[in-house]
Amino acid sequence: MSGDRQLDVVVFGASGFAGRLVAGYLAGHGSGGVRIGLAGRSQRRLADVRAGLGAVASAWPLLVADSADPVSLAALAQAARVVVSTVGPYRAHGLALVQACAEAGTDYADLTGEVLFIRDSIDRCHDAAAAAGARIVHCCGFDSVPSDLGVLLLYQAARADDAGDLQDTTLVVTALRGGVSGGTLASMMGQQEEVRANAQRRRVVSDPYALSPDRAAEPDLGDERDPGWARYDGELRMWTGPFAMAGINTRVVRRSNALQGWAYGRRFRYREVTGFGASPAAPLLAATVSAALKAAGAGLAFGPSRAMLSPLLPAPGQGPGEKTRRTGYFRIQIHTRTSAGVRYLATIEARGDPGYAATSVMLGETALCLALDRNQLPDRAGVLTPATAMGAALAARLRSAGHTLATRQITQLLR
Ligand SMILES: NC(=O)c1ccc[n+]([C@@H]2O[C@H](COP(=O)([O-])OP(=O)(O)OC[C@H]3O[C@@H](n4cnc5c(N)ncnc54)[C@H](OP(=O)(O)O)[C@@H]3O)[C@@H](O)[C@H]2O)c1
């Protein structure tokens with residue numbers, strides 16, 4: 001990658017809800033030497049965003065580019081060492097920029113949670129990015145950084161102890177509070193529409209190994225579907241229900257395993273659930289939340305009910321307010337058992353709304369990590385994952401930013 005670019009980091013989509021937060025994070029935390037620019041389709045909206053960032057950003061260049069204009073995207077990719085994009089839905093707006101970055105040898109990161117978009121990105125851009133030395137890193141927000149780095153840290157802990165391969169591994173969301181933006185809803189509905197209309201795309205989304213670099217080489221470990229309903233988990237000793245982000249996170253974690261030559265193990269079975277504890281109220285809570293999640297998914301997928309719901313939902317550009325972002329949080333545990341029978345627990349936690357406050361830290365630190373920590377990053381290029389592109393370097397940055405990412409060996413599962 002060229003070091004003679006005009007800028008180190010450009011935020012494309014800086015006038016959107018998530019983009020403004022990422023730009024704000026970089027204004028507050030980018031070290032003095034980082035050259036940052038803001039990009040989007042409207043010079044005026046970008047100027048408004050920049051004006052709100054204070055004196056530190058007053059000289060940041062503004063770059064006008066439109067996702068439908070490949071010439072403007074090529075110029076954007078050539079202008080910076082790292083482009084972070086919050087222009088979504090990515091399936092509609094994202095692929096041309098990934099292609100431009102792959103061809104220019106420019107590192108790229110985004111916030112997508114759209115499996116179909118990432119599959120297309122892999123199929124169309126991986127080889128070009130690998131040849132040009134570009135790191136293309138999708139899912140650099142709440143989905144899927146905690147999952148992907150958490151499992152990587154468990155693998156590194158087990159390897160350091162010579163404790164064997166990872167086998168049954170379960171992520172449990174034990175606490176979560178936050179909101180949702182119009183852009184996220186539009187992205188979810190866009191993928192749902194495509195899946196409803198096309199049986200082949202439906203099969204891709206439901207494949208646990210949808211993002212594999214080599215589908216035929218993946219192990220056959222039986223039923224690996226994402227849990228859909230409430231159930232008591234005897235091993236975790238708690239009631240569990242589905243986790244809304246499992247459909248993307250599990251595919252990203254399995255891709256990380258495959259990109260590392262199945263280093264976690266060939267019998268690595270991974271799932272994600274929401275934990276409801278073991279109190280007398282837990283079964284009802286688990287059943288109610290699971291049913292509500294199904295109903296919300298169905299309501300948004302079905303045209304007429306979606307039309308009824310839409311006046312109540314945030315529009316693109318809107319999202320959770322300052323108080324919701326400040327008072328939100330997430331707490332995640334990841335339990336694993338190795339082939340040698342040793343158990344480990346990872347704890348991943350952060351304050352701030354997971355999808356917006358914590359996510360702007362994750363994407364902001366990703367941008368800084370790709371731009372500033374190059375000599376600490378794994379020697380890989382292509383369409384990667386947070387764990388395989390940045391791994392320990394990103395984990396260290398997030399800890400410095402106040403996030404908890406810790407592992408420990410345990411003799412028995414926690415109650
Ligand atoms: N993984 C996570 O944890 C996470 C968290 C938050 C968001 N997200 C994802 O991030 C994406 C953005 O969400 P959001 O809430 O910020 O959405 P948003 O507020 O609607 O912002 C979308 C941005 O895209 C820009 N845009 C739209 N069409 C464009 C085009 N043709 N060319 C250039 N720019 C264009 C918009 O520019 P204008 O201002 O000019 O309209 C705006 O800046 C969504 O896909 C969402 O799912 C993921």
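Both ligands and their constituent atoms are indexed starting at 1 by order of listing.
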Quick one: look up the protein heavy atom nearest [atom] and list residue, atom name and how far away it is.
atom: atom 26 (N) of ligand 1; result: Val87 CG1, 3.6 Å
atom: atom 32 (N) of ligand 1; result: Ser67 N, 2.9 Å
atom: atom 21 (O) of ligand 1; result: Gly16 CA, 3.4 Å
atom: atom 18 (P) of ligand 1; result: Gly317 N, 3.6 Å
atom: atom 3 (O) of ligand 1; result: Asp143 OD1, 3.0 Å
atom: atom 9 (C) of ligand 1; result: Leu111 O, 3.7 Å
atom: atom 5 (C) of ligand 1; result: Gly355 O, 2.9 Å

For Val87, all residues meeting side-chain contact (heavy atoms from CB on, under 4.5 Å), sequence neighbours excluded: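 Per chain and number, Val87 pairs via side-chain contact (heavy atoms from CB on, under 4.5 Å) with Phe12, Ser85, His93.
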[X] touching ligand 1 at heavy-atom level, < 4.0 angstrom:
X: Thr112; result: no
X: Gly113; result: no
X: Gly319; result: no

Ligand-residue contact atoms, ligand 1 with Thr184, heavy atoms, under 4.0 Å: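 Result: 6 (C), 7 (C), 8 (N), 46 (C), 47 (O).
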Atom indices of ligand 1 within 4.0 angstrom of Gly88 heavy atoms, with elements: 45 (O)
Lys/Arg N to Asp/Glu carboxylate O, Glu224 vs Arg269, below 4.0 Å: no
Check: Thr174 side chain, Arg331 main-chain N or O, donor-acceptor pair, under 3.5 Å: yes
Aromatic centroids of His335 and Tyr344 separated by under 6.0 Å: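 Not close enough - the centres of the two rings lie 6.0 Å or further apart.
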Any residue meeting salt bridge (charged side-chain N to carboxylate O under 4.0 Å, His left out) with Asp207, in chain and number order, not counting sequence neighbours: Arg215
